[in-house]
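All residue numbers refer to positions in the sequence shown, counting from 1. These values consider heavy atoms only, across backbone and side chains, with no hydrogens, waters or symmetry-generated copies. From a predicted model like this one, the values you see are computed outputs, not experimental measurements.
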Amino acid sequence: MNRAMQLRHLEQAERHVAQGERNIAQQEERIADLARRGANTTEAQKLLNTFFAIQMQHIQHRNRILTELEE
């Protein structure tokens, strides 16, 4: 893969990481709101856990691209 393509993939990976951070923050706010209202947060917490797992994959992908660019 050429450097220009790697840089495009890095840009996309960075966007995914940033969107993941926003998704996590928004879901944490939803959970806090549900908890304040005394609602069950089980399903919302499961979704947050999924967001964390996806975010870890996004970060790992970005880090692989960064490693490739350093070689």
Scan the side chains in residues 29-42 for donor-acceptor partners under 3.5 Å anywhere in the protein, sequence neighbours excluded, and list what turns up.
residue	atom	partner	partner atom	Å
Arg30	NH1	Gln27	OE1	2.9
Asp33	OD2	Arg37	NE	3.2
Asp33	OD2	Arg37	NH2	3.3
Asn40	OD1	Thr42	N	2.6
Asn40	OD1	Thr42	OG1	2.7

Under 3.5 Å, sequence neighbours excluded: what are the donor-acceptor pairs made by side chains of residues 50-67?
residue	atom	partner	partner atom	Å
Thr50	OG1	Lys46	O	3.1
Gln55	NE2	Val17	O	3.0
Asn63	ND2	Ile59	O	3.4
Thr67	OG1	Asn63	O	2.9

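A distance of 11.0 Å separates NE2 in His16 from CG in Asn23, rounded to the nearest 0.5 Å.
The side chain to side chain contact (heavy atoms under 4.5 Å, CB included) test applied to Glu68 returns Gln6, not counting sequence neighbours.
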